[in-house]
*Asks:* 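Structure in structure tokens, see below.
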2 protein chains.
Amino acid sequence: MLKLTKKADYGLMALKYLAEHPETPALSAKDVADAYGIPPQLLAKVLQRLTKTGLLRSHAGMNGGYALARDAREISAFEVIHAIDGPFFITSCTKGTKSCELTPSCTIKEPLARVNETIAGVLKSISIHDLAEREHPAGKSGEHQGLVELTL
Amino acid sequence: MLKLTKKADYGLMALKYLAEHPETPALSAKDVADAYGIPPQLLAKVLQRLTKTGLLRSHAGMNGGYALARDAREISAFEVIHAIDGPFFITSCTKGTKSCELTPSCTIKEPLARVNETIAGVLKSISIHDLAEREHPAGKSGEHQGLVELTL
DNA sequence: AAATATCCGACTTCCCAGGTCCGATTTCAG
DNA sequence: CTGAAATCGGACCTGGGAAGTCGGATATTT
Ligand code: SF4
Ligand code: SF4
């Protein structure tokens, strides 16, 4: 319930790792997987997905690997989750494929849709950079802080 | 991924329904279930749970049923979800029972924990009353509006 | 040509959300 | 005091999706 997919989790970790190593031209899936203990093959697929949606740039062959396609602060957590897990919906009434049977009679889907928007907003306001730049003692770059509107 | 449980969903619907019928002393699980097309037995268990956590007051026997234990605006969506689905966690590292294997090496659990807090905050700021009082044209009671802080 | 990568689909395993069934108990009405 | 209507509580079944695995094809460097 309301739990993040591990794949998305892994995706975030990997992106953060890449963001922390801007010097290297490319890091292989195995590199990242080893760094954290993530199943390599699984991470591989996650990264492939991220590549296909344009968040990463890949390069096959020796010394190949992945690199961020854009600046770390231009990539939001929302994009990552969306890329890996597909459309973001809190409820089961996606109106896309397998909608909830009682969508017509349901009276809370509109308010919940707004909650959905709010949470999406939270995720959109978080960038990979925000995740990465944290460890560093607590210097000048001040912590990322934002306000999210909630309107029912 | 990041999806609300249907049980919680049902719970919210039921509470809203109860909030909309303050006149009646008690409504049976079947009443509510019929009103929306929810599987009665399932709704029953959800309501039982809500009763056990003190959000509802139950009364067995004929003309029995459930009623809100507190005022509708004193019951948050968060409480409902927590009551039904248990502890609220975005990630799999609950440190309770089945923690994620790579918790030690993971570097994003702290930031994600803050995201978790933020989302919990959003949910806490929503009351059953907010859900219920919506239909009514759009009168004086102005829509519920709030700001949620996000600090990484 | 060999080593190192990404790429991609198919496959298996396991867990749990969603739902059902049934029996026990409480309460009230006639 | 008997039966109907309700809450209780547990055990149980089932489908689908998350998590992970395998194997083969392709691209790139040395
Ligand atoms: S329709 Fe109502 S019940 Fe069905 S999923 Fe959307 S919100 Fe939950
Ligand atoms: S530890 Fe890191 S990876 Fe494991 S669940 Fe918590 S956040 Fe996701």
Side-chain angles (χ1 to χ4, degrees), chain A residues 1-11 13-14 18 24-34 36-53 56-67 69 81 84-87 89-94 97-98 100-102, chain B residues 1-11 13-14 18 24-34 37-53 56-67 69 81 84-86 89 91-92 94 97-98 100-102:
Chain A
M1 59 69 147
L2 225 28
K3 217 167 241 144
L4 212 59
T5 303
K6 277 211 172 177
K7 291 184 194 173
D9 212 342
Y10 295 160
M13 293 177 70
L18 290 177
T24 67
L27 287 169
S28 80
K30 193 169 187 318
D31 286 341
V32 183
D34 285 349
Y36 290 115
I38 304 174
Q41 320 217 48
L42 186 51
L43 211 229
K45 290 225 296 206
V46 169
L47 295 182
Q48 285 166 30
R49 199 101 173 224
L50 290 174
T51 303
K52 209 154 69 171
T53 56
L56 287 181
R57 210 159 288 275
S58 68
H59 185 50
M62 285 193 61
N63 290 5
Y66 299 90
I81 296 175
I84 297 175
D85 289 337
F89 281 118
I90 283 299
T91 56
S92 307
C93 43
T94 65
T97 46
K98 281 285 209 176
C100 167
E101 317 293 325
L102 34 85
Chain B
M1 58 72 150
L2 224 29
K3 215 168 243 144
L4 211 59
T5 303
K6 277 210 173 179
K7 290 183 195 177
D9 211 341
Y10 295 160
M13 292 177 71
L18 290 177
T24 67
L27 287 170
S28 81
K30 191 168 189 316
D31 286 341
V32 183
D34 285 348
I38 304 174
Q41 320 218 48
L42 186 50
L43 211 228
K45 292 229 291 210
V46 170
L47 295 182
Q48 284 168 31
R49 196 106 183 198
L50 290 174
T51 302
K52 210 153 69 171
T53 56
L56 287 181
R57 210 161 288 275
S58 68
H59 185 50
M62 285 193 62
N63 290 4
Y66 299 90
I81 296 174
I84 298 175
D85 290 336
F89 282 118
T91 56
S92 307
T94 66
T97 47
K98 281 286 209 177
C100 168
E101 317 294 324
L102 34 85

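Given the structure is predicted, the values throughout are model-derived calculations rather than measurements. First the proteins, then the strands, lettered A, B, ... as listed; each starts at 1.
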*Asks:* Has Asp34(B) got more than 12 heavy atoms of other residues, nucleotides or ligands less than 6.0 Å from its CG?
*Replies:*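 Yes, CG of Asp34(B) has more than 12 neighbouring heavy atoms, counting only those of other groups under 6.0 Å.
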*Asks:* Quick one: does any side-chain atom of Ser28(B) pair with a main-chain N or O of Asp31(B) as donor and acceptor, under 3.5 Å?
*Replies:*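 Pair found, side chain donor or acceptor close to backbone of Asp31(B).
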*Asks:* Write down the distance between CD (Glu101(A)) and P (dA17(C)), rounded to a whole number of angstrom.
*Replies:*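 Distance, rounded to whole Å: 19 Å.
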*Asks:* Drop me the distance from Asp85(A)'s CG to Arg49(A)'s CZ, to the nearest 0.5 angstrom.
*Replies:*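 One finds 8.0 Å between CG of Asp85(A) and CZ of Arg49(A).
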*Asks:* Would you tabulate the nitrogen or oxygen pairs shorter than 3.5 Å linking the protein to nucleotides 10-13 of chain C?
*Replies:*
from	atom 1	to	atom 2	distance (Å)
dA10(C)	N6	Lys45(A)	NZ	2.7

*Asks:* Working to the nearest 0.5 angstrom, can you tell me the gap between Tyr36(A) OH and Asp9(A) CG?
*Replies:*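 CG of Asp9(A) is found 11.5 Å from OH of Tyr36(A).
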*Asks:* May I have the distance from Gln41(B) (atom CD) to dG9(D) (atom P), rounded to whole angstrom?
*Replies:*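 Gln41(B) atom CD is separated from dG9(D) atom P by 16 Å.
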*Asks:* Does OP1 or OP2 of dA17(C) have a side-chain N or O of Tyr10(B) closer than 4.0 Å?
*Replies:*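 No, because none of the side-chain N or O atoms of Tyr10(B) sits under 4.0 Å from OP1 or OP2 of dA17(C).
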*Asks:* Between Pro40(A) and Leu47(B), which residue's closest nucleotide on DNA chain D lies nearer the 5′ terminus?
*Replies:*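 The residue mapped nearer the 5' terminus is Leu47(B).
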*Asks:* Any idea which of dT20(C), dG9(D), dA18(D) is nearest the Thr5(A) side chain?
*Replies:*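 Closest nucleotide among those given: dA18(D).
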*Asks:* Roughly how far, to the nearest 0.5 Å, is CG of Leu50(A) from CD1 of Ile84(A)?
*Replies:*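 CG of Leu50(A) is found 4.5 Å from CD1 of Ile84(A).
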*Asks:* Counting C-beta onward and ignoring hydrogens, is there a side-chain heavy-atom pair between Lys6(A) and Cys100(B) closer than 4.5 Å?
*Replies:*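 A side-chain contact under 4.5 Å exists here.
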*Asks:* Whole-Å distance between dA17(C) P and Ile38(B) CD1?
*Replies:*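 Rounded to the whole Å, the gap is 18 Å.
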*Asks:* Taking the side chain as every heavy atom from C-beta outward, state whether Leu43(B) and Val32(B) have any pair of such atoms under 4.5 Å apart.
*Replies:*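 With C-beta onward as the side chain, the pair touches.
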*Asks:* Hey, does Ala29(B) reach any base, or is it just sugar-phosphate, or nothing, if we go heavy atoms under 4.0 Å?
*Replies:*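 Sugar-phosphate, no base atom in range.
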*Asks:* Quantified as the angle between the terminal helix axes (five pairs each), what is the overall bend of the helix from dA1(C)-dT30(D) to dG30(C)-dC1(D) to 10 degrees?
*Replies:*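 Roughly 10°, once rounded to the nearest ten degrees.
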*Asks:* So do the side chains of Leu18(B) and Leu56(B) get within less than 4.5 Å of each other, counting heavy atoms only?
*Replies:*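 When only atoms from C-beta onward are counted, Leu56(B) and Leu18(B) do touch, with a gap below 4.5 Å.
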*Asks:* How long is the span from the CG atom in Leu27(B) to the CG atom in Asn63(B), to the nearest 0.5 Å?
*Replies:*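 Reported to 0.5 Å precision, the distance equals 11.0 Å.
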*Asks:* Expressed as a whole number of angstroms, how long is the span from Lys3(A):NZ to dC16(C):P?
*Replies:*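 For the pair Lys3(A) NZ and dC16(C) P, the rounded distance is 8 Å.
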*Asks:* From CZ of Arg57(A) over to P of dC7(C), roughly how many Å is that when rounded to an integer?
*Replies:*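 To the nearest whole Å, that distance equals 12 Å.
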*Asks:* Send over the distance from Lys30(B) NZ to dA4(D) C1', rounded to a whole Å.
*Replies:*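 Between C1' of dA4(D) and NZ of Lys30(B): 14 Å.
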*Asks:* dA18(D) P sits how many Å from Leu2(A) CG, rounded?
*Replies:*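 Whole-Å distance recorded here is 14 Å.
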*Asks:* So, is Ser58(A) near the phosphate of dA5(C), with a side-chain N or O under 4.0 Å from OP1 or OP2?
*Replies:*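 Answer is no, no contact under 4.0 Å.
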*Asks:* Go along nucleotides 25-30 of chain C 5' to 3' and tag each nucleotide: B for a protein heavy atom under 4.0 Å from its base, S when only backbone or sugar atoms are that close, - otherwise.
*Replies:* -BBB--
*Asks:* Nearest to the side chain of Lys6(A), which nucleotide is it out of dG20(D), dT7(D), dC8(C)?
*Replies:*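 The closest nucleotide is dG20(D).
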*Asks:* Do you know which two heavy atoms are closest between Thr5(A) and Met1(B), and how far apart they sit?
*Replies:*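 What the structure gives for the nearest pair is OG1-CB, 2.9 Å.
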*Asks:* Within this structure, what is the CG-to-C1' distance between Leu42(A) and dC8(C), rounded to whole angstrom?
*Replies:*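 My rounded result for the distance is 14 Å.
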*Asks:* Please compare Thr51(A) and Pro39(B) by the position of their nearest nucleotide in DNA chain C and report the one closer to 5'.
*Replies:*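 Result: Thr51(A).
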*Asks:* Please give me the minimum heavy-atom distance between Thr91(A) and Lys3(B), naming the atom from each residue.
*Replies:*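 Closest approach of Thr91(A) to Lys3(B), heavy atoms only: O-CE, 3.4 Å.
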*Asks:* I want to check something: taking the side chain as every heavy atom from C-beta on, are Gln48(A) and Tyr66(A) in contact at a cut-off of under 4.5 Å?
*Replies:*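 Contact flag for Gln48(A)/Tyr66(A) side chains = yes.
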